[in-house]
Amino acid sequence: MKSAEVRQEFLNFFEAKAHTILPSAPMVIKDDPTLMFTNAGMNQFKPYFLGNQNSKNNRIANTQKCLRVSGKHNDLEEVGIDTYHHTFFEMLGNWSFGDYFKKEAIEWAWELLTEVYKINPDKIYVTIFEGDPAEKLEKDTEASDFWKSLIPRERVLLGNKKDNFWEMGDQGPCGPCSEIHIDLRSEEEKAKISGADLVNQDHPQVIEVWNLVFIEFNRKANGSLESLPQKHVDTGMGFERLCMVLQGKTSNYDTDVFTPLIKEIE
Ligand code: GLY
């Protein structure tokens, strides 16, 4: 499958689920001094998450050019030391503003990956937030139960606040998240060590592809968490990583996939 088709399949899938497709936002978001550059697909929708503005459409999907050089989720330290972190990349995302929540977000992600992209379900692991008593945040048993209705329970793993509580920056919309990881290793390698032990361990072939964020809070400037009046969905899937998975490649530096992609971005 060509990268352009991978992108189009994503947009078609969510359009069929009643999402409006919007263009990528500029790299610098106007009127938001909390961010230097667009670091996630959800940035342009911040006012909708916070309830400061109402979206004309409560379901949106798009593909967003992102740059991660600053802020809480700053991947700059990761670039160059593994095979899957980029500073500049494209993020496929779907959003619900006070409309659907965990059930649909999880079921649709599963449907898209396994039925449309036909990724072998046996290669997939997911993580859910284990909770954080210091912030009075509970374990996300709801997301866990939805996943367990789709995949074997031993593939549903607990993740800590660093990996499973997503925040846009030091301030702003945030919430527990559920990540989807793919184990691209050979059967021989899998027999030696389970993929479950390699999730979030910086293994070059066991990588996160999609993050489903359940936005429920606003992180205030004083560090406290405030519950939002409505619950929202914010997902982000690494386009280049997805292309790598669908090509069956184990390195981001495969020129067959990335040269055309770089040309498209230019
Ligand atoms: N906004 C979700 C993510 O960037 O992972």
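Indexing begins at 1, ligand by ligand and atom by atom, following the structure's order. The shown structure was predicted, so the numbers you read here are calculated from the model rather than taken from an experiment.
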Pick one: which of Phe214, Phe165, Trp166 meets ring pair (Phe, Tyr, Trp, His ring centres under 6.0 Å) with Phe129?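 With Phe129 as partner, ring pair (Phe, Tyr, Trp, His ring centres under 6.0 Å) holds for just one option, Phe165.
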
Which residue supplies the protein heavy atom nearest to atom 4 (O) of ligand 1, what is that atom called, and how far is it?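 The answer is Arg68 NH2, 2.9 Å.
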
Please check whether Asp234 reaches ligand 1 - meaning an N/O of the residue sits under 3.5 Å from an N/O of the ligand, judged on distance alone.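 Yes, Asp234 has an N/O under 3.5 Å of an N/O on ligand 1.
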
Below the 3.5 angstrom mark, is there an N/O of Thr235, backbone or side chain, next to an N/O of ligand 1?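 No, since none of the N or O atoms of Thr235 sits under 3.5 Å from an N or O of ligand 1.
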
Please check if atom NZ in Lys231 has more than 12 non-hydrogen atoms from other residues, nucleotides or ligands closer than 6.0 Å.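 Open.
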
Can you sort out which atoms of ligand 1 are near [X], meaning under 4.0 Å from one of its heavy atoms?
| X | value |
| --- | --- |
| Met42 | 1 (N) |
| Met91 | 4 (O) |
| Val213 | 2 (C) |
| Asn211 | 3 (C), 5 (O) |

Under 3.5 Å, is there a donor-acceptor pair between the Ser55 and Asn57 side chains?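 No, Asn57 and Ser55 have no side-chain donor paired with an acceptor closer than 3.5 Å.
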
Lys46 and Thr34: side chain donor to acceptor below 3.5 Å: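 Per modelled atom types, Lys46 and Thr34 side chains form a pair under 3.5 Å.
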
Lys/Arg-Asp/Glu bridge criterion (N-O < 4.0 Å) met for Glu111, Lys17: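 Looking at Lys17 together with Glu111, the answer is yes, because their closest N to O distance falls below 4.0 Å.
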
So, Phe89 versus Phe239, ring centres under 6.0 angstrom or not?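 Not close enough - the centres of the two rings lie 6.0 Å or further apart.
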
